[in-house]
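Chain letters run A, B, ... following the sequence lines, proteins first, then strands; residues in each count from 1.
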Number of protein chains: 2
Amino acid sequence: MKFDRQEALHQATDLFWAKGFHATSMRTIQQAMDMRPGSIYASFGSKEALFKQALQYYAANSQARLAACVEQSDSPLAGLKRFISEVVMGCDQAPSSMCMLVKSITELTEDNVELLLEAKRLLNGMEQAFAEVLAQAQAQQQLSGDVDSTRLARYLQMQLMGLRAYVRANSDAKEHLESLIDDVFNGFITT
Amino acid sequence: MKFDRQEALHQATDLFWAKGFHATSMRTIQQAMDMRPGSIYASFGSKEALFKQALQYYAANSQARLAACVEQSDSPLAGLKRFISEVVMGCDQAPSSMCMLVKSITELTEDNVELLLEAKRLLNGMEQAFAEVLAQAQAQQQLSGDVDSTRLARYLQMQLMGLRAYVRANSDAKEHLESLIDDVFNGFITT
DNA sequence: ACTGGATTTGAACGATCGTTCAAGCCATAA
DNA sequence: TTATGGCTTGAACGATCGTTCAAATCCAGT
């Protein structure tokens, strides 16, 4: 049976996502991957390199899910809202209610500049993906075209960060969740 | 010269705030405090206990600053906006652009339940403080009284989390900052 | 000056960290 | 069957982690 690199990376990503960079030890990762240190270092290089690849794996997954949401919905805007709901409501199964990129940017310091910059870069990619969906909505007259879509995307991203952080801090506030999502979504639509 | 417990705690708080719980070693703290391990453990108990006291110190400071802002301003609402601006704009001197409580809640897991719960508790305290200021504003007819002030406070806290996280992730976006603050503030006022 | 209790010191502990590498294993080719 | 080359293994490394504690130091009261 061949070694499944993708699956191993998936396990590592979930662990890093749940516990963060510093609190996740290589020994825990070895256990989750069912691999011995030598193999891991041969495949991924180092803990930092592995984390970087985990970030990229996570970001690629997120963008794919956004694209899937848009495709499965009737309109770009509906797809966007579906994505937001999916992300915020489905946080029970996820390793963390928060975005792994935001968590990483929150945790990392100048001691790991490369990782910090990579996380920022990938998060900017997400913002651009949002902007593209919003531009689509504008092209289809679903959204007023007199506001810069990148500005809307920025506002949306900020709101989404706040939403997911709030859920993390107040996990029992699931009741208010749908209304909060609506507030966020409507708030930024009418901006 | 007597040992200044408050000053020592202040140094520790700044370190924890900047680097988080796991990435801050006791040796770094010893250096920042200019104290030897024995003295620290005699005064504060353990790393966890020290961090808990740092959280409390930080939260008390934050509430005091909010109160000061309200007092120095002409109205509760103006005080609130001043506080938000102060917090978001003045993040250059601060150890981190993000709230230490939010950072902690983001970083900590079930491996340190007590710290996690304490951070959540203190953050709820902040939210309540917001609610009180908003209730004041309602009492002075500065804000419509037909919306629950605790609901407004919740929304404000979510927005503030998003704002500070966004600034952290996109530190070069200081240009859009004032407009973002306005958006946040106005957005939640008209809700 | 002397004493006794409180405080400060810093070496050292065991545990765990990220990482390495010689030795063992296994599939393929001759 | 044997030789070869790459992959896997897990013990072990030095560094650092949080923490302890006996010894040194300090200072108030006599």
Side-chain angles (χ1 to χ4, degrees), chain A residues 1-55 57 104 107-116 118-119, chain B residues 1-57 103-104 107-116 118-119:
Chain A
M1 198 187 94
K2 201 186 170 307
F3 147 63
D4 189 342
R5 192 178 197 279
Q6 189 85 345
E7 175 59 21
L9 186 53
H10 178 76
Q11 300 296 336
T13 303
D14 273 11
L15 256 184
F16 277 133
W17 188 2
K19 309 180 46 130
F21 178 71
H22 287 108
T24 306
S25 73
M26 287 305 287
R27 284 182 165 75
T28 313
I29 291 174
Q30 291 158 26
Q31 190 176 336
M33 283 183 165
D34 192 30
M35 288 171 72
R36 260 39 65 194
S39 303
I40 295 179
Y41 278 80
S43 291
F44 300 100
S46 68
K47 189 191 183 187
E48 281 211 8
L50 174 57
F51 189 78
K52 191 172 184 176
Q53 292 169 68
L55 287 175
Y57 176 79
S104 302
E107 175 186 9
L108 296 172
T109 68
E110 300 302 322
D111 298 344
N112 306 92
V113 213
E114 199 181 329
L115 296 181
L116 182 57
E118 181 67 6
Chain B
M1 198 185 96
K2 202 188 169 304
F3 148 63
D4 188 343
R5 192 176 198 281
Q6 189 85 344
E7 176 58 21
L9 186 52
H10 178 76
Q11 299 296 336
T13 304
D14 273 10
L15 257 183
F16 277 133
W17 188 3
K19 309 179 46 125
F21 178 71
H22 287 107
T24 306
S25 73
M26 287 305 286
R27 283 182 166 75
T28 314
I29 291 175
Q30 290 159 26
Q31 190 176 335
M33 283 183 165
D34 192 29
M35 289 172 71
R36 262 38 65 193
S39 304
I40 295 179
Y41 279 81
S43 291
F44 300 99
S46 67
K47 189 190 182 185
E48 282 211 8
L50 174 57
F51 189 78
K52 190 172 183 176
Q53 292 169 67
L55 287 176
Q56 289 160 352
Y57 176 79
K103 272 196 74 165
S104 302
E107 174 185 9
L108 295 172
T109 67
E110 300 303 321
D111 298 343
N112 306 91
V113 214
E114 198 181 331
L115 295 182
L116 182 56
E118 181 67 5

Donor-acceptor under 3.5 Å ([X] side chain, [Y] main chain):
{"X": "A/Ser43", "Y": "A/Ser39", "result": "yes"}
{"X": "A/Lys19", "Y": "A/Ser25", "result": "no"}
{"X": "B/Glu107", "Y": "B/His22", "result": "yes"}
{"X": "B/Gln31", "Y": "B/Arg27", "result": "no"}

State whether the number of non-hydrogen atoms from other residues, nucleotides or ligands found under 6.0 Å of A/Glu7 atom CD is greater than 12.
->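 Buried by this count: over 12 neighbours within 6.0 Å.
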May I ask you to check whether over 12 heavy atoms, not counting those of B/Glu114, lie within 6.0 Å of atom CD?
->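 Result for CD/B/Glu114: open.
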Under 4.0 Å protein heavy-atom contact, by nucleotide of nucleotides 4-18 of chain C - B base, S sugar-phosphate only | ----SBBBB----BB
Answer with base, sugar-phosphate or nothing: what part of the nucleic acid does B/Glu48 contact at a heavy-atom distance below 4.0 Å?
->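 The answer is nothing, as B/Glu48 stays clear of every strand by at least 4.0 Å.
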Given pairs defined as Watson-Crick or G-U wobble with both distances under 3.5 Å, what dot-bracket annotation applies to DNA chain D, with ( ) intrastrand, [ ] crossing, | other strand and . unpaired?
-> ||||||||||||||||||||||||||||||
Provide, to the nearest angstrom, the distance between the CE atom belonging to A/Met33 and the C1' atom belonging to D/dT9.
->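 It works out to 16 Å between those atoms.
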Within residues 5-14 of chain B, residues whose heavy atoms come under 4.0 Å of DNA chain D =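 DNA chain D contact set from residues 5-14 of chain B: none.
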Between A/Tyr57 and A/His10, what is the ring plane arrangement, given parallel below 30°, perpendicular above 60°, and tilted in between?
->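 Rings of A/Tyr57 and A/His10: perpendicular, over 60°.
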If the plane angle is over 60° it's perpendicular, under 30° parallel, otherwise tilted; pick one for B/Phe21 and B/Phe51.
->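 Taking B/Phe51 first and then B/Phe21, their aromatic rings stand perpendicular (interplane angle over 60°).
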Atom pair CD1 (A/Ile40) and CE (A/Met26), whose distance is rounded to the nearest 0.5 Å |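 One gets 5.0 Å once the value is rounded to the nearest 0.5 Å.
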Quick one: CG on A/Asp4 to CD on A/Gln11, what's the gap to the nearest 0.5 Å?
->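 Between A/Asp4 CG and A/Gln11 CD, I get 9.5 Å after rounding to 0.5 Å.
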